[in-house]
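Below you'll find the structure, written out as structure tokens, and then a few comments.
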Amino acid sequence: MTSDRPVFVVGCPRSGTTLLGLMLHAHPRLAIPPETRFLLPVWRARARFGDLSTREQRRALARACTGRGSRVRHLGLDPAVARRAVLAAPPTVGSAIGTVLSLFAEAQGAARWGDKRPAYFSEVDVLLRLFPDAQILQIVRDGRANVASLKSMPWWPYDSVGSIATWAQAEYCARRNLRRLPGDVFHVVRYESLVADPEPVLRDVCAFLDEELDPAMLEPARVRGVVPQSKTWHTRLDEPVSASQVESWRQALEPWELGLAETVLRGALARWDFPRTGAGRRPGPLLLARYARAITQRQVTMQARWASERREARRPAYPVAARLTSGQRALAGLDG
């Protein structure tokens, strides 16, 4: 039987999630849309929709999945058509979200649907509660390169200290999920390996997904049109995949940024075979304290959210998991 499991791409912002998403989208059986903005807000508001026993509750959920801020138009979908499909879907939050994503896949002629968003790197448990048969790919890029790239992004709200802390948080999540999740649920791709020699890395990705490698995956520029033109920072998506820029961070980082990154990320960089240069400026106590505050704040907030959601998951409540794919229906006891 061919797989119909949903596929999600996660990672630190500017780690290569868009490139990996396009490579997957180029596969004829897979559809990875441009970033949407409704999954996490809908999840956070799940209590407001209740048990979806009334049509009005389902209408509110449909509006949340397709209304202003959802970016559903970026998927090339008519919001009214998407709302009607959500209303007709099984009455769970996961089914509503998955229905919108499956409409995008259907329009692309693909059998499997999914989503791509960097922010999901700390929300893997949420993805698995909504889509218990999901397969999740996280891409990891050299933290110094990530920081250098984030510096030039007009939408990024943090300075380089915050960027380093964000990368450390994403790397922590990748390691944690590798330890605790089955090998057919979570898989990590190293960005530098992907761009240096895409074919063997994509073969491993396809083996994880139980798919055959398709040559189109090696030419993601052919499906670049799925990324909105308004995202002008994705300039290199029109070019062949290349490792020519993987070392550009050496010129882009200030000595203090390089020194801080190589000091506080020393162990993490080594785990992923990113050798230190030793060329940066040694960080002083005030800079180290700033980083400590930034990473501690992120970790405390994330751990508190995880603890709250674990407590909630243990309490009897209305179902949230999708009931769309064969695996989801089997887990819900809907087989036969």
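Just the heavy atoms: all of them, side chains too, but no hydrogens, waters or symmetry mates, feed the values below.
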Strictly under 6.0 Å, is that where the ring centroids of F104 and H74 end up? no
Should the pair [X]-[Y] be classified as a salt bridge under the 4.0 Å nitrogen-to-oxygen rule?
{"X": "E247", "Y": "R250", "result": "yes"}
{"X": "D159", "Y": "K151", "result": "no"}
{"X": "E239", "Y": "R222", "result": "no"}
{"X": "E171", "Y": "R141", "result": "no"}
{"X": "D210", "Y": "R112", "result": "no"}

Residues two or more places apart in sequence or in another chain: which of them pass side chain to side chain contact (heavy atoms under 4.5 Å, CB included) with [X]?
{"X": "A134", "answer": "P6, F8, L128, F131"}
{"X": "E212", "answer": "none"}
{"X": "A119", "answer": "L40, R117"}

Test side chain to side chain donor-acceptor pair (under 3.5 Å) on Y120 and D115 and set out the steps.
-> CA-CA 10 Å; Y120 297 156; D115 198 9; 2.6 Å; yes
> Cut-off 3.5 Å, side chains only: do E309 and W43 have a donor facing an acceptor?
Replying inline: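 W43 and E309 do have a side-chain donor-acceptor pair below 3.5 Å.
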Testing the 3.5 Å rule here: is there a donor-acceptor pair between the side chains of E211 and S3? no
Is it true that L331 and V124 fall in one hydrophobic cluster, defined by side-chain heavy atoms closer than 4.5 Å?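 No, no single cluster joins them.
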Exercise. Quick one: do L61 and V81 end up in the same hydrophobic cluster if we chain Ile, Leu, Val, Met, Phe, Trp and Tyr together by side-chain heavy atoms under 4.5 Å apart?
Worked result: no
Test question: given the 4.5 Å side-chain rule for I, L, V, M, F, W and Y, name all other residues clustered with W306, or answer none.
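Members besides W306, by chain and number: Y172, M302.
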(message) Run S244 and S242 through side chain to side chain donor-acceptor pair (under 3.5 Å) and show every step you take.
(response) CA-CA 5 Å; S244 63; S242 167; 3.1 Å; yes
Exercise. Give a yes or no on whether R180 atom CZ has more than 12 heavy-atom contacts from other residues, nucleotides or ligands under 6.0 Å away.
Key: yes
*asked:* Checking R298 against T166 for the side chain to side chain donor-acceptor pair (under 3.5 Å) test, could you report, in this order, the C-alpha distance in whole Å, the side-chain angles of both residues, the deciding distance, and whether it holds?
replied: CA-CA 8 Å; R298 283 164 172 76; T166 300; 3.2 Å; yes
Review item, side-chain donor-acceptor pairs of residues 193-201, under 3.5 Å, at least two apart:
| unit_1 | atom_1 | unit_2 | atom_2 | d |
| --- | --- | --- | --- | --- |
| S193 | OG | R190 | NH1 | 3.2 |
| E199 | OE2 | R203 | NE | 3.4 |
| E199 | OE2 | R203 | NH2 | 2.8 |

Could you walk me through whether E35 and R37 pass the salt bridge (Lys or Arg N to Asp or Glu O under 4.0 Å) test, one step at a time?
-> CA-CA 7 Å; E35 283 186 34; R37 281 291 187 270; 2.8 Å; yes
Original post:
Taking S308 for the side chain and R305 for the main chain, is one N or O donor matched with an acceptor at less than 3.5 Å?
Top reply: no
With sequence neighbours left out, the residues meeting ring-ring contact (aromatic ring centres under 6.0 Å, His included) with H27 are none
